[in-house]
Amino acid sequence: MKRLALLIVILSGGLLLYATKDFPSWGDPNSPASTHVSPRYLEKSLEETAVPNVVTAVLADYRGYDTMFETTVIFCAGVACFMLLRKFEPEERDLYYRHIPTGLTLHIKGEKQIPSTSKEFEKIDAIWTPYDFIINTVSRFLVPFIQLFALYVIAHGHHSPGGGFQGGVILGASIIVLAVAFNLRTAVRRFGEKIDGIMSALGVFIYAGVGAFCAILGAEFLNYRALAKILPVGKVMARSHGILAVEIGVGIAVMAVMICIYNNVASEGKFDEGL
Amino acid sequence: MDFLLTHLVAKYNFWLYIILMMIGLYAMIAKNNLIKKLVGMNIFQTAIILFYVSIGSKRGGTIPIVEHIAGGGEHAINPTRYVNPLPHVLMLTAIVVSVSTFGVALALAIKIYQRYKTLEEDELLTRIRES
């Protein structure tokens, strides 16, 4: 099996290496990929959409329909993770508690458990993770700054590298940092499962909603020019604002789905103990 | 020597991506562990993403953000000064989608492990036959 695999890999690799003979050399400005469509986007996108970042303009406006379904694919991935892994009935397992005043660890077998409102006892993971003061404090201080940077990346995606996908992933990472540095329960307390599910659907809904709204206003689906009828700006600027609305939707969806996938995979769907 | 200069030096990036892609393909076919196969798949995807992005590069080109003066008038834009934005657009979504599909694949692997208590392919096949 391994020999056969090696043979297949060497054969197809050799064919691909042979095919590079016909490729344009690296950085060639006259390569076929850079001469047909892309100069048109580079020349006209600022004029047509008032967005200097061509990547954002192409992503959310010229190829808006494609990006909408990419967002739907991400949403479906989140739903699939949830459907595959999430377990709602608690499994019978040993529970561990730390008595906060004395630092003793309590091991409870069977169904009994200490109510989560107890001030004296704190639930800890079965695979004990050491309580690290430096990591906890630094991550707690950093989270707001990470989130602020993520909002900047989403909002400033028109003028600098950035946009909904990148900003959404950074937002999701800010919550996942909490789950890694403290434990999964802390992160779920801050950003609950219900709100997570609602937000992942809301993001896709905002994107599709903006598109449908354009259709209601009398233009084609996702033709943001129609938004000029309700916004106090011209038709070109309306496209820029439409792109911003869509990017916000993408950001919300990506953030919620990243957190959903992490929570489900890290805790095998039990949402009590993570990594 | 001439061949090396014209083909290897000018196109060594494609050679590197093809080698990376073949490492991923080999892992997908030959490895016995499902997680290692998934990692191979991710290496394969990364090679393709690098390949696309390098297609878009232009010598002396800067990032595809058009220079402009706020509220300024029209001025000619020279497309050769900016790298090709289209591969960036395609790969931007592909990266996030690959992360999400990797999450789904991990979820499936967890489900398989919970049911058969193994992720090795040969053990998995015998356990499926037994049950």
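All of these numbers come straight from a predicted model, not from anything done at the bench.
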Please classify the contact between [X] and chain A as side chain, backbone, both or neither, with a heavy-atom cut-off of under 4.5 Å.
X       : value
I19(B)  : neither
L86(B)  : side chain
M28(B)  : neither
F102(B) : neither
Y113(B) : neither

Value rounded to 0.5 Å, distance of CE in M21(B) from CG in L50(B):
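One gets 9.5 Å once the value is rounded to the nearest 0.5 Å.
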Which region of [X], side chain (C-beta onward) or backbone (N, CA, C, O), has a non-hydrogen atom less than 4.5 Å from a non-hydrogen atom of chain B, or is it both or neither?
X       : result
V73(A)  : side chain
L6(A)   : both
F23(A)  : both
H158(A) : neither
V254(A) : side chain
I261(A) : side chain
R63(A)  : side chain

With side chains defined as the heavy atoms from C-beta onward, is the minimum distance between [X] and [Y] less than 4.5 Å?
X       : Y       : answer
T67(A)  : F165(A) : yes
S34(A)  : P29(A)  : no
Q147(A) : L171(A) : yes
Y82(B)  : I63(B)  : no

If we count only N and O atoms by modelled type, under 3.5 Å, do the side chains of S54(B) and N13(B) hold a donor and an acceptor together?
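Note: S54(B) and N13(B) side chains meet the donor-acceptor criterion.
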Shorter than 4.5 Å, heavy atoms on both sides: which option in [options] has the most such pairs with chain A?
options                         : result
T80(B), V83(B), V97(B), T101(B) : V97(B)
N78(B), L25(B), I55(B), I110(B) : I110(B)
N32(B), I95(B), L92(B), L108(B) : L92(B)

Contact leader toward chain B among [options], where contacts are heavy-atom pairs under 4.5 Å:
options                          : answer
P52(A), A77(A), S25(A)           : P52(A)
V58(A), L17(A), L16(A), T71(A)   : L17(A)
A80(A), P161(A), S31(A), G163(A) : P161(A)

Any salt bridge linking E48(A) with R40(A)? Criterion: basic side-chain nitrogen under 4.0 Å from a carboxylate oxygen.
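Looking at E48(A) and R40(A), the cut-off is met.
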Heavy-atom neighbours of R115(B) CZ exceed 12 at 6.0 Å:
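Open.
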Anything under 30° is parallel, anything over 60° is perpendicular, the rest tilted; go ahead and classify F14(B) against Y17(B).
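Ring orientation of F14(B) relative to Y17(B): perpendicular.
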Test Y262(A) against every option in V257(A), I175(A), L184(A) by the side-chain contact (heavy atoms from CB on, under 4.5 Å) rule and name the one that passes.
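By the side-chain contact (heavy atoms from CB on, under 4.5 Å) criterion, Y262(A) pairs with just one of V257(A), I175(A), L184(A): L184(A).
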